Q: 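Mind looking over this structure? Questions follow.
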Amino acid sequence: PRVHTQLQDRIHHIRFAKKPEDYSPKFQGELKRQPYVYTTCHDIHRRAESCNWSEYQAITKGMQKKLSGRNTNEGGGQGLVSFDLMRQQMRECGAYMGVPCYPAPLVLNLVEAMCSGAPVAFWDNGRGIAEEGIFDGGVGCCATKIDDARDFLQRCLKDASFRADQSAASL
């Protein structure tokens, strides 16, 4: 069995003040992942280019998806949701699609999704995420091409074995 990492513990205790067993699926037994892509990003459509809104739309076009975050209801999302609902959606999504907020190379939501065991795809905005080693060893997808991200997400949604392998890799 995989050991809960020190980084995951720090995220739980510092950011969320939650016990790891409340958050991580390894404490929840087998989770049944649902065939949708989940993303959380505040004001993604308002910040447009700085949050890669057009890329996100192209990547997830035609896929069942859930988008949450402040004001996302204006762009077809759920709006701001509770932490508990966000955590549940990360636990049950077929894949998590992360989008960076310029100029940051990484958003903490990606780490949260990985702690939940979600298979993860991330849009590389060229600010250094690819060099961080997060996606080394077959973990997730760090894409600079829309088709690469789409292919990864579609495979996660359709192939249960691949999805399970990616979930384990995220953890």
Side-chain angles (χ1 to χ4, degrees), residues 1-44 51 56 59-60 62-73 75-101 106-123 129 132 134-143 149-171:
R2 296 184 68 86
V3 176
H4 204 72
T5 67
Q6 188 175 24
L7 173 62
Q8 289 169 322
D9 284 341
R10 292 188 73 185
I11 290 168
H12 295 302
H13 295 292
I14 294 171
R15 177 131 192 237
F16 307 118
K18 301 280 185 182
K19 297 179 293 186
E21 48 274 2
D22 290 338
Y23 191 69
S24 178
K26 75 178 189 146
F27 295 104
Q28 307 293 324
E30 285 298 314
L31 294 175
K32 182 159 171 102
R33 293 210 169 263
Q34 305 298 312
Y36 68 86
V37 174
Y38 182 55
T39 301
T40 181
C41 183
H42 295 312
D43 297 311
I44 186 172
C51 284
Y56 168 79
I59 291 166
T60 61
M63 293 181 199
Q64 185 178 350
K65 59 187 172 257
K66 292 184 182 181
L67 171 65
S68 69
R70 187 175 42 251
N71 298 315
T72 57
N73 53 317
Q78 300 172 308
L80 190 60
V81 299
S82 71
F83 172 76
D84 288 335
L85 179 56
M86 179 187 78
R87 180 178 58 192
Q88 184 60 36
Q89 291 179 145
M90 286 180 176
R91 283 182 184 153
E92 71 182 21
C93 68
Y96 181 85
M97 177 67 211
V99 289
C101 302
L106 172 67
V107 291
L108 191 52
N109 293 337
L110 175 72
V111 178
E112 295 166 0
M114 292 176 83
C115 288
S116 295
V120 294
F122 196 75
W123 184 255
I129 187 68
E132 291 296 322
I134 295 168
F135 299 97
D136 291 351
V139 177
C141 171
C142 184
R150 280 185 62 78
D151 291 346
F152 177 85
L153 292 173
Q154 287 174 334
R155 186 169 178 200
C156 285
L157 297 180
K158 293 177 181 176
D159 184 340
S161 177
F162 179 74
R163 184 173 54 244
D165 290 345
Q166 285 299 311
S167 182
S170 283
L171 286 171

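Note that the coordinates shown come from a computational prediction; the quantities given were computed from them, not determined experimentally.
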Q: Is the backbone N or O of M63 less than 3.5 Å from a side-chain atom of T60, with the two atoms forming a donor-acceptor pair by type?
A: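 No; judged by distance alone, with no hydrogens or angles, the pair does not exist.
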
Q: Just say parallel, tilted or perpendicular for the rings of F135 and F122, cut-offs at 30° and 60°.
A: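 The arrangement is parallel - the two ring planes meet at less than 30°.
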
Q: Minimum heavy-atom separation for M90 to R33, with atom names?
A: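 Here M90 and R33 meet closest at O-NH1, 3.1 Å.
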
Q: CZ/F162 to OG/S167 distance, rounded to the nearest 0.5 angstrom?
A: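 Separation between the atoms: 11.5 Å.
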
Q: Are Q34 and C93 close enough that some pair of their side-chain heavy atoms sits under 4.5 Å apart?
A: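 They are not in side-chain contact.
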
Q: Any non-hydrogen side-chain atom of Q78 less than 4.5 Å from a side-chain atom of Y38?
A: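 A side-chain contact exists here, since the closest heavy-atom pair is under 4.5 Å.
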
Q: Please name the pair of heavy atoms, one in I59 and one in M97, separated by the smallest distance, quoted to 0.1 Å.
A: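 So the minimum-distance heavy-atom pair works out to CD1-CE, 3.8 Å.
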
Q: For a quick test of reading the model, state the closest non-hydrogen atom pair linking Q166 to P119 and the distance between them.
A: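 That closest heavy-atom pairing would be CB-CB, 3.6 Å.
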
Q: Closest heavy-atom contact between S116 and R87?
A: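 Shortest heavy-atom separation between S116 and R87 comes out as OG-O, 4.4 Å.
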
Q: Can you find a side-chain donor-acceptor pair between Y96 and Q89 that sits under 3.5 Å?
A: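 Y96 vs Q89: no donor-acceptor pair found between side chains.
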
Q: Under the side-chain hydrogen bond (donor to acceptor under 3.5 Å, both in side chains) test, which residues partner Q64, sequence neighbours left out?
A: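 Scan of Q64 (side-chain hydrogen bond (donor to acceptor under 3.5 Å, both in side chains), adjacent residues dropped) gives none.
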
Q: At what distance, to the nearest 0.5 angstrom, does NE2 of H42 lie from CG of N109?
A: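 Answer for the NE2-CG pair, H42 versus N109, is 7.5 Å.
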
Q: Calculate, to the nearest 0.5 Å, the distance between atoms CG and CG belonging to N71 and L80 respectively.
A: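 Taking CG in N71 and CG in L80, the distance rounds to 8.5 Å.
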
Q: Heavy atoms only: give me the nearest K66-Y36 pair and the separation to one decimal.
A: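 For K66 and Y36, the tightest heavy-atom pair comes out as CD-CE1, 3.6 Å.
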
Q: Could I get the full list of side-chain contact (heavy atoms from CB on, under 4.5 Å) partners for C41, not counting sequence neighbours?
A: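 C41 satisfies side-chain contact (heavy atoms from CB on, under 4.5 Å) with I44, R47, C51, V99, C101 only.
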
Q: Is the backbone N or O of T40 less than 3.5 Å from a side-chain atom of S68, with the two atoms forming a donor-acceptor pair by type?
A: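 Not a single qualifying donor-acceptor pair exists.
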
Q: Among pairs that include at least one residue of residues 149-161, which meet salt bridge (Lys or Arg N to Asp or Glu O under 4.0 Å), considering only residues two or more places apart or in two chains?
A: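 The answer is R155-D159.
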
Q: Shortest non-hydrogen contact from L110 to V120?
A: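 Nearest pair, atom of L110 first, then V120: CD1-CB, 3.6 Å.
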
